[in-house]
Every structure is written in structure tokens, then in C-alpha cells.
Amino acid sequence: MESLNTKQYEAATYGEGPLLILAGAGSGKTRVLVFRVAYLIREKNVKPWNILAVTFTNKAAGEMKERVVGLLGNEGKNVDMGTFHHICARILRRHIDRLGYKTNFVIYDDRDQLSAIKTILEREGIDDKSVPPKKIQAIINTAKNQSISPVQSARNSMGFFKEKMILVIEEYEKLLRQGNALDFGDLIYLTVELFKENEDLLEEYRKRWSFILVDEYQDTNPVQYQLIKMLAGGLMNITVVGDDDQSIYRWRGADISNILDFERDFPGAHIVRLEQNYRSTQRILSAAGSVVEKNVGRKGKDLWTEVGEGELLTLCQTSNEYEEARYVLDEIGSIHGSDDRRYSDFAIFYRTNAQSRVVEEELLKRAIPYTVVGGMKFYDRMEIKDILCYLRVIINPDDTVALKRVINTPPRGIGKKSIADMEEKAIDMGASLYRAIELEKGNKKIIAFRSMIESLCAKKETLDTADLLREVLIQSGYVKKLKDENTVEARSRLENIEELEEAIREMIGEGEESSIESFLERTSLMSDVDNYSEKEERVTLMTLHSAKGLEFPAVFMMGMEENLFPHSRSKDDIEALEEERRLCYVGMTRAREHLYLTYTKKRRVFGSEQYNIPSRFLSDIPEELMQRVNIEPAFASAYSGSYGQSGGAHSESYGRKEKVVQAGFVGGGFDDDKGLALDEVGGYARGSKVRHPTFGEGVVRGGEGSGEKAKIAVYFPRLGLKKLLLKYAPLERV
DNA sequence: TGCTTTAGGTTTTTT
DNA sequence: ACCTAAAGCA
């Protein structure tokens with residue numbers, strides 16, 4: 001490991017008691033944390049399992065563990081690391097019976113949560129316009145983030161439908177309890193409750209974790225703060241690392257005052273400031289600083305660097321979002337070509353996920369490999385959720401949310417009426433929906449469904465998770481239905497299901513705890529950034545929020561416009577505006593060398609055209625740090641170089657939509673052979689046979705493009721025609 | 001009951 | 001512009 005500077009060393013080797021490390025962007029805080037863990041173990045004889053390190057994402061925890069192991073060897077593996085949610089889930093798996101739950105609880109994500117709320121509304125005959133489900137959801141989550149009982153919080157609220165809202169929330173909590181389910185908020189909220197009610201357990205964990213480290217402390221919310229305070233309460237060996245300028249999760253309940261008031265909350269706290277930046281050029285730092293400087297509620301710091309001045313930032317105005325995308329990709333193309341850069345050196349950030357679409361289309365046209373972090377998560381896809389819900393029902397039939405999802409998926413003739421009847425019976429019995437189904441005698445279709453579930457439940461005892469999944473796919477008729485459909489869509493869903501099975505086999509192969517429960521837990525607590533790998537040679541697209549903690553040689557921030565960034569929903573609220581400003585700071589400080597800020601005069605929002613003025617953040621950047629570029633539609637083709645055959649500003653004429661489905665290939669149903677003009681590409685002749693690790697054997701149908709952008713079209717018997725980027729396609733001659 | 005059509009809402013960010 | 005959820009039809 002690289003050596004530490006004076007401040008870093010001071011932080012890493014500080015002794016006992018509360019420690020606040022104010023770590024500016026790019027100041028090497030992970031290095032310090034890792035070194036500190038190693039120091040405690042090596043020099044202070046702290047046992048690895050007596051250290052708890054809380055991180056913001058699983059990926060951060062994984063990286064930290066890897067680096068600790070790098071320093072200490074296998075001993076480092078025993079340090080407890082994870083996100084708040086993971087650590088709490090682990091505690092609750094051991095002790096939640098004390099709160100009247102069973103330890104094999106399931107975790108409801110926010111979509112499950114929303115279905116649960118909708119179920120209640122329907123059941124109670126409450127109209128979802130007077131009591132909007134999303135609003136209920138917000139009340140529940142906000143309350144739990146504040147460590148307040150949601151029912152209590154609703155009681156304290158004001159409003160027209162207060163009584164109804166209280167009822168819905170009460171019933172929601174009952175439904176979850178009955179189904180032995182916890183929502184995200186519960187994981188932390190109930191852990192705090194557990195410790196409040198069980199002094200002995202708290203004592204046990206205080207002893208176990210004699211040193212606690214918390215990363216990204218500026219983004220902790222009140223309930224997390226309370227938990228930390230409880231756990232650190234004995235020895236007060238608490239180290240927190242954070243940067244008040246990078247607090248961007250206020251809307252999720254994060255409270256910036258946790259970091260601002262650390263010294264007050266933990267008297268005698270030692271403070272170390274890390275202000276040397278090892279990442280960006282001075283110009284980038286100055287520009288970012290000038291944006292965040294405008295905030296009032298901050299500790300203030302001076303970042304400096306030895307990297308050097310660097311080049312000017314580029315500020316580009318275009319006429320619309322298509323031009324914007326083209327400009328960005330032109331620049332990527334030219335830096336990639338001349339600077340010996342890998343595609344993975346480039347990142348494109350935007351404020352809202354919806355902005356990715358236009359850029360993706362352009363990337364596909366140019367056959368530049370890319371990944372989108374965020375947006376639709378793998379485990380959120382319809383088919384994956386369906387299958388996971390089957391597993392949930394098998395391990396716990398009282399999980400009514402899961403049961404309702406699978407009861408008629410695929411269609412098996414169980415309609416609204418039958419379900420409503422069953423639900424009514426269940427309420428009369430005071431039991432879950434499944435208990436009513438268990439007793440059903442008349443309805444043949446329901447009985448058939450029940451025996452299917454029973455048969456699957458029986459198999460659970462003898463089969464491992466992957467084989468059970470297979471059994472689900474067969475018995476439910478899910479795969480058969482997709483195969484019969486035989487559309488591109490259905491085939492892609494089948495592929496995803498295969499990928500799910502693969503993920504389970506992988507888990508089993510790793511020799512870790514591989515029960516269905518732990519698999520389900522993993523899937524629900526997985527974040528998007530967790531799956532992101534910088535090793536792949538791809539341009540990265542993500543929201544500014546996802547970008548936290550990462551760095552790239554070249555960064556493009558798109559849509560720097562009023563109403564988009566700062567977002568229109570933030571502009572009337574000073575606190576929210578300050579947060580947008582911090583978000584801008586976070587984005588800019590991800591860049592090592594090249595930083596581009598782009599905006600357009602006109603943009604399509606919800607189908608209609610919107611004219612925005614440049615973001616106020618841009619005017620905070622001193623002019624001498626930037627060079628301005630103005631792209632007029634007439635010159636667009638000059639900029640888009642060899643791709644600009646369209647000549648005009650509108651790219652709709654490009655027609656065919658393509659979708660990246662997986663690493664290394666671009667493709668999905670093509671209904672024609674247009675663009676497959678080549679008879680030979682990269683040494684593969686039309687008609688020759690090739691093998692792909694995922695898709696199996698196929699026949700070359702043709703190719704297009706050349707050099708970097710060469711694509712090969714291969715027909716795979718089961719899957720249809722796929723266009724693969726030759727450069728990345730792991731093909732083998734057969 | 002189930003498929004197709006239409007209407008409505010949606011987009012701020014996510015463990 | 002896009003996706004989901006309710007309404008409408010077979």
C-alpha cells in the first residue's frame with residue numbers, strides 16, 4: 001500500500017475514543033479506513049471480529065475487505081463489514097424472535113411494500129385518490145427513518161383523511177407481521193427497537209464490536225444515528241468518515257446535522273481534516289469548490305492538489321438533447337482515439353434516469369460498448385420478481401404479497417372474484433390468504449394451485465435452491481408459457497431466468513450459506529453500484545447519485561439546465577437547493593482530468609418541448625476555468641463525423657431500436673438483414689459456425705462496420721439473430 | 001377469464 | 001415518450 005500523508009497517518013493511527021475524519025473528495029479516505037483497520041489489528045491487538053465497519057454500498061464493503069485482506073492476509077476476512085441494512089438483517093436473523101417475528105423473515109422491497117398498501121386499500125374499500133398509496137408509503141418510510149412508529153406518526157399528522165390513513169398504516173403493519181415480512185425501514189428501525197427492549201443483547205453487541213467505523217457518515221439518517229450511538233455507547237470507540245459537502249440523501253431521511261454536530265454528540269471527539277486531493281486537477285477542484293461554496297450549512301474546507309493545473313473544463317451548449325448526446329460521444333471518440341484511453345475511462349452523468357435513453361441510442365448507433373448503472377435493476381424485472389415470489393411462497397405461504405403475485409401467473413383461471421372470496425374468508429378467520437386457500441373445498445382451480453404449492457413445499461426438503469427453482473419453473477408452467485409465446489420479448493425473459501439460475505448456482509458454488517432465505521436477502525439488498533465493475537471496457541452511464549465514491553479520468557455531466565439540475569422539484573426549497581449544489585460538487589469531483597458540462601436550449605420532456613436556461617451552477621464557475629463550445633444544428637454533421645449521414649438535427653430517422661442485453665453484444669430481434677452487408681468480418685465468413693459461451697453454437701449471417709465498431713451477426717438456433725461487437729464477442733470457431 | 005385497447009400518470013435521486 | 005393499470009371486448 002502506498003504510504004500515508006501526515007493527516008492520513010494521524011487519522012489511521014488515532015487511539016481510542018470518538019474520531020471524526022472530514023475527508024474531502026478524493027482525499028484517500030478508503031486508504032485511511034483500510035489502514036486504520038489494519039493498524040488496530042496489528043498494533044493494538046484488536047481482534048478482527050471486534051471491528052465493525054459500516055459502508056454505504058456492498059461494493060464499498062467488498063472493496064474495503066479486499067484491501068484489508070491485501071494488508072493482513074486472511075485474518076482480515078473476519079472483520080465485520082457491510083451496509084446498515086445488511087448488518088441489521090444479520091442481527092435480526094439471530095434475535096428477531098424476541099420481537100415476535102420468526103427468524104426466517106422475508107424482506108419487502110418498495111414495490112412489495114406498495115402492493116401491500118394497495119392490497120389493504122382494496123380490502124378496506126378505500127379509494128386510492130383520497131389516500132394515495134405512495135403517500136402512505138412515504139409516511140411509513142419517513143417515520144421509520146426517524147425511528148418513530150409509523151402509526152404514531154400518522155396520528156400526529158394533520159389532514160382530511162387522517163383516520164383512514166391511520167387505519168391503512170395499522171393494517172399494513174399487521175399484514176407484514178402476519179406474513180413475517182420486514183420492509184427496508186424495518187430492518188434498522190426494528191434493530192433499534194430490539195436493542196431498546198433487550199439490554200442484554202445490546203450489551204452483547206457492544207462487547208463484540210469494540211471498534212466501530214462508519215463510512216459516508218454525512219448520509220446517515222436519524223435511526224442509523226441512533227443505532228450507532230447505541231452500539232458505540234460503551235467504549236465510544238467510534239470513527240466516522242464523511243464530507244458534509246457530499247451529503248446527497250436528504251430525501252431518504254439522511255440528516256446532514258449528524259456530521260455537523262458530531263463533536264457535540266460525542267464529546268471529546270478528535271477531528272482530522274483530509275484536504276489533499278489525489279484525484280483531480282486544480283482547475284477541476286477550483287470549479288467544483290466555487291459551486292459548493294455558495295452553500296451556507298457547511299463546515300468549509302480547502303482542497304488542494306499536487307496534480308497540477310490541468311486543462312480547461314469544457315462547457316458546451318447544444319440545440320437539443322440529440323445534439324448533446326452526439327457531442328459527448330464525439331468527444332469520447334476523439335479522446336479515445338488520440339489519447340490511448342479505454343472506454344472504461346469515460347463516465348456520463350445525468351440528474352434523472354430518463355436522460356440515459358437518448359445517449360444509449362447514440363451509443364448503439366456507434367457501437368460503443370457501455371453499461372448503464374441504475375434504472376431497471378435485474379431483480380426488479382417482471383419475470384425475475386415472479387419467480388422469486390414463487391420461492392417466497394414456498395418458504396412462507398403467509399407472504400400474501402408474493403402469493404397474490406403468483407396465484408394467477410401464468411394465467412390459470414383464478415380471477416379477481418375467486419381471490420376476493422378467499423381474502424374475505426381469510427379476514428373472517430383472522431389469518432393470511434393462504435390459510436383460507438388451504439381450507440378451500442369447492443374451487444377446483446384454487447385446489448389445483450394449492451396442490452402445486454404443496455408439492456413444491458415438499459420438494460424444498462430434498463432439493464437445493466437451484467434445483468427447487470427448476471422445479472418451480474416446470475410445475476408453475478412459467479417457462480412453458482414463455483416458450484409457447486416464442487417472441488423476442490419472451491426469449492429475453494427466458495434468458496434472464498437462466499441468468500437467475502446461474503446466479504443461484506454461483507452462490508452455491510461459493511460454498512457460502514446458500515438457503516433460499518439468504519439468496520432472497522441478497523437479491524433484495526443488492527444495489528446497482530454493487531454490480532458495476534470498472535474492469536470492463538465500457539463507457540459508464542449513471543445518475544449523479546450513483547456516482548458517489550467513484551472516479552473517472554473523463555467525466556461528462558449532461559443536462560446542466562435549470563429545472564433539470566437543479567431539479568424543478570427542488571427549486572422552492574433552500575435545503576433541497578443546497579443538496580442539488582452538493583450533488584453537482586459530487587459529480588464534478590469524480591473527474592480526474594477531463595470535465596465536460598453540457599446543456600441544451602431545447603429538450604423533450606413528457607413528449608412536449610421544454611426550453612430551459614443554463615443551470616445556475618454553471619454561472620458559479622469562474623469563466624477563466626472554462627472554454628465554451630457552441631454546437632449549432634447546421635454544423636452538427638461536421639461534428640458527428642462519419643456517423644452524421646443523417647445531416648439533420650433529428651435522429652428519429654435512424655429507425656430500428658436496439659437494446660443492450662448483456663456484456664459484449666448488442667442485439668435482440670432483427671426482422672431484416674439490413675446493415676449486414678459484409679460477407680466476412682474479422683476472419684469469420686458468412687455461413688461459418690461459431691460458439692459463444694452463453695448462447696451456444698450459431699451461424700454467421702454477416703457483418704457490418706469495421707475496426708473498433710465491427711459487428712458480427714450470428715444466428716443462434718434457440719435465441720434468434722444477435723449482433724455482437726466483434727471486439728468483445730468471446731467467439732470461438734467450431 | 002383473459003387478451004387488447006386505452007387512459008393516466010410519470011421522472012429526482014435508492015438502501 | 002413510455003409504462004402501468006383499469007376498462008372494454010371476445
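Below, read A as the first sequence line, B as the second, and so on, with proteins coming before strands; counting in each chain starts at 1. If you're wondering where the values come from, they're calculated on a predicted model, not measured in any experiment.
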Does anything in residues 555-589 of chain A pair up under ring pair (Phe, Tyr, Trp, His ring centres under 6.0 Å), and if so which pairs, sequence neighbours excluded?
A/Phe556-A/Tyr596, A/Phe565-A/Phe617
Starting at atom CZ of A/Arg603, determine the distance to atom P of C/dA1, rounded to an integer number of angstrom.
15 Å
When the distance from CZ of A/Arg111 to P of C/dC3 is rounded to whole Å, what number comes out?
13 Å
Qualifying residues under side-chain contact (heavy atoms from CB on, under 4.5 Å), relative to A/Asp109, sequence neighbours excluded:
A/Arg111, A/Asp112, A/Phe184, A/Asp380, A/Lys385
Under the side-chain contact (heavy atoms from CB on, under 4.5 Å) test, which residues partner A/Gln226, sequence neighbours left out?
A/Ser147, A/Val192, A/Lys196
Output all residues satisfying side chain to side chain donor-acceptor pair (under 3.5 Å) with [X], sequence neighbours left out; order by chain, then residue number.
| X | result |
| --- | --- |
| A/Arg90 | A/Asp80 |
| A/Lys483 | none |
| A/Arg93 | A/Glu521 |

Please output the side-chain donor-acceptor pairs of residues 116-123 of chain A that fall under 3.5 Å, not counting sequence neighbours, one pair per line with the distance.
residue	atom	partner	partner atom	Å
A/Thr119	OG1	A/Ser115	O	2.8
A/Arg123	NH2	A/Glu171	OE1	2.9

Summary of protein contacts for nucleotides 5-10 of chain C, nucleotide by nucleotide, where a base hit scores B, a sugar-phosphate-only hit scores S (4.0 Å, heavy atoms):
S-----
Can you give me the first and the last nucleotide of DNA chain B (5' to 3') that has an atom within less than 4.0 angstrom of a non-hydrogen atom in chain A?
B/dT1 to B/dT15
Let me confirm one number: the CE-CD1 distance from A/Met165 to A/Ile139, rounded to the nearest 0.5 Å.
3.5 Å
